[in-house]
Student: 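Just passing along the structure, written as structure tokens.
Labels below follow one simple rule: chain letters A, B, ... track the order of the sequence lines, proteins then strands, and each chain is numbered from 1.
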2 protein chains.
Amino acid sequence: MLSIGELSKRTKVKVPTIRYYEEMGLLAEAERTSGNQRRYDKAGLERLSFIRHARDLGFSIEAISSLIELQDHPDRSCEAATNIATSQLEEVRAKIKRLRTLEKELSRISKGCDGEGVSEDCYVLASLADHNLCDIEH
Amino acid sequence: MLSIGELSKRTKVKVPTIRYYEEMGLLAEAERTSGNQRRYDKAGLERLSFIRHARDLGFSIEAISSLIELQDHPDRSCEAATNIATSQLEEVRAKIKRLRTLEKELSRISKGCDGEGVSEDCYVLASLADHNLCDIEH
DNA sequence: GTAATGTCTCTAGTGACTAGAGGTACAAGA
DNA sequence: TCTTGTACCTCTAGTCACTAGAGACATTAC
């Protein structure tokens with residue numbers, strides 16, 4: 001049985017975050033010692049690893065809740081899991097697209113000014129003040 | 001002179017957000033009518049447009065504060081502005097990089113399961129449970 | 001037995017807003 | 001001039017996914 005600190009080290013999830021996940025219902029309430037401290041078994045470790053991995057991939061707590069629901073019912077169709085993963089993928093792609101636009105614009109703005117002048121003539125500030133100076137819609 | 005609602009329409013910044021920016025010190029405290037309602041002039045409109053544009057480009061409130069400081073002191077070197085823009089660009093690039101990794105991984109996971117089986121055999125769930133099934137470090 | 005470290009609960013803070021309650025001001029039409 | 005409807009005011013609390021800190025108790029190593 002692992003203490004919360006040991007579990008934290010193994011999963012690289014911080015101690016308060018583990019407690020937070022328990023509060024949010026992602027982790028089952030842990031067993032306790034006579035002194036009221038949490039103890040975790042292999043199942044707890046695996047579930048936390050699952051959560052951590054899903055969070056790393058950007059899934060929301062809510063999405064992870066749904067995925068765990070499915071995990072706990074191995075007989076259910078996995079369509080829902082695939083849907084969640086697909087919509088997460090779409091979100092990621094949309095974010096990338098938007099960030100690429102920002103990147104272009106920022107790089108153009110940054111290049112426009114060498115930082116050697118005075119702020120009155122700064123192209124960075126001028127660009128931010130006047131959207132018409134932008135090449136791209138954003 | 002514009003009411004807060006008119007300013008909101010022109011800049012596409014929501015009314016409570018305008019009040020929030022004032023509270024955060026991004027916008028100067030607006031003039032008031034005898035009945036205590038905010039009124040804005042051209043300078044207010046321009047400043048809010050600046051803020052909105054910078055927020056659209058992902059600058060934090062804090063970064064925008066610094067940029068406004070510079071705007072208000074046209075004699076200062078614009079090096080700081082260029083630095084802020086450059087570091088924002090770097091952040092955007094780092095985010096894109098990370099999201100691309102996620103995209104690859106999610107797309108691989110999604111493709112691995114057609115959603116037609118039962119969750120016990122779902123590749124999406126298996127992948128999330130076991131990081132070793134991942135191709136890429138993330 | 002004692003000291004150091006770990007753990008407990010609870011509250012509050014983060015960033016950038018958003019929502020809602022309860023009350024007041026303003027503009028347009030009768 | 002009065003009324004009605006909309007806009008506006010302040011204030012508090014909620015969002016997401018944690019993070020920080022206080023003050024008290026438990027465990028472990030020596």
Student: Can you tell me how far the CZ atom of A/Phe59 sits from the NE2 atom of A/His53, to the nearest 0.5 Å?
Tutor: 9.0 Å

Student: Does a side-chain N or O from B/Arg38 land closer than 4.0 Å to OP1 or OP2 of D/dC8, or not?
Tutor: no

Student: Please check the phosphate of C/dT18 (OP1 and OP2 only) for any side-chain N or O of B/Lys14 closer than 4.0 Å.
Tutor: yes

Student: In whole angstroms, how far is the P atom of D/dC18 from the NZ atom of A/Lys12?
Tutor: 17 Å

Student: So, B/Ser127 side chain and B/Tyr123 main chain: donor-acceptor pair closer than 3.5 Å or not?
Tutor: yes

Student: Test of understanding: with side chain to side chain contact (heavy atoms under 4.5 Å, CB included), list the residues that count as partners of A/Lys14, not counting sequence neighbours.
Tutor: A/Pro16, A/Thr17

Student: Let me know the distance between CD1 of A/Ile18 and P of C/dT7, rounded to the nearest Å.
Tutor: 9 Å

Student: Whole Å only: how far is the CD1 atom of A/Ile64 from the P atom of D/dA17?
Tutor: 8 Å

Student: Please report the distance, rounded to the nearest Å, between CD in B/Gln37 and P in C/dA25.
Tutor: 8 Å

Student: Between B/Arg55 and C/dC17, is there a side-chain N or O to OP1/OP2 distance below 4.0 Å?
Tutor: yes

Student: Step by step, would you call B/Arg108 with B/Glu105 a salt bridge (charged side-chain N to carboxylate O under 4.0 Å, His left out)?
Tutor: CA-CA 5 Å; B/Arg108 204 183 53 76; B/Glu105 197 54 40; 2.5 Å; yes

Student: When we call it a touch if two heavy atoms are under 4.0 Å apart, what does B/Arg32 touch: a base, just sugar-phosphate, or nothing?
Tutor: sugar-phosphate

Student: Please report, rounded to the nearest Å, how far the C1' atom of D/dG23 is from the CG atom of A/Asn36.
Tutor: 16 Å

Student: Which nucleotide sits closest to the side chain of B/Val15: C/dC26, D/dC8, C/dC17?
Tutor: D/dC8

Student: Could you state the OH-C1' distance from B/Tyr21 to C/dT18, rounded to the nearest angstrom?
Tutor: 12 Å

Student: Check each residue of residues 1-9 of chain B for a non-hydrogen atom within less than 4.0 Å of any atom in DNA chain D, then write out the ones that pass by number, or none.
Tutor: B/Ser3, B/Ile4, B/Gly5

Student: Can you measure from CD1 (A/Ile18) to CZ (A/Arg52) and round to the nearest 0.5 angstrom?
Tutor: 11.0 Å

Student: On DNA chain C, check which nucleotide each of B/Ile61 and B/Ser34 is closest to and give me the residue with the more 5' one.
Tutor: B/Ile61

Student: Partners of A/Lys12 by salt bridge (charged side-chain N to carboxylate O under 4.0 Å, His left out), sequence neighbours excluded?
Tutor: none

Student: Please report, rounded to the nearest Å, how far the P atom of C/dC8 is from the OH atom of A/Tyr20.
Tutor: 18 Å

Student: Does C/dA25 have its OP1 or OP2 closer than 4.0 Å to a side-chain nitrogen or oxygen of B/Thr33?
Tutor: no

Student: Is A/Arg19 close enough to C/dC8 that one of its side-chain N or O atoms is under 4.0 Å from OP1 or OP2 there?
Tutor: yes

Student: Looking at every heavy atom in both B/Tyr21 and B/Ile51, which two are closest together, and how far apart are they?
Tutor: CE1-CG2, 3.7 Å

Student: Could you tell me the separation between the CD atom of B/Glu23 and the P atom of C/dT18, rounded to a whole number of Å?
Tutor: 14 Å

Student: Between B/Ser60 and C/dG15, is there a contact of a side-chain N or O with OP1 or OP2 at under 4.0 Å?
Tutor: no

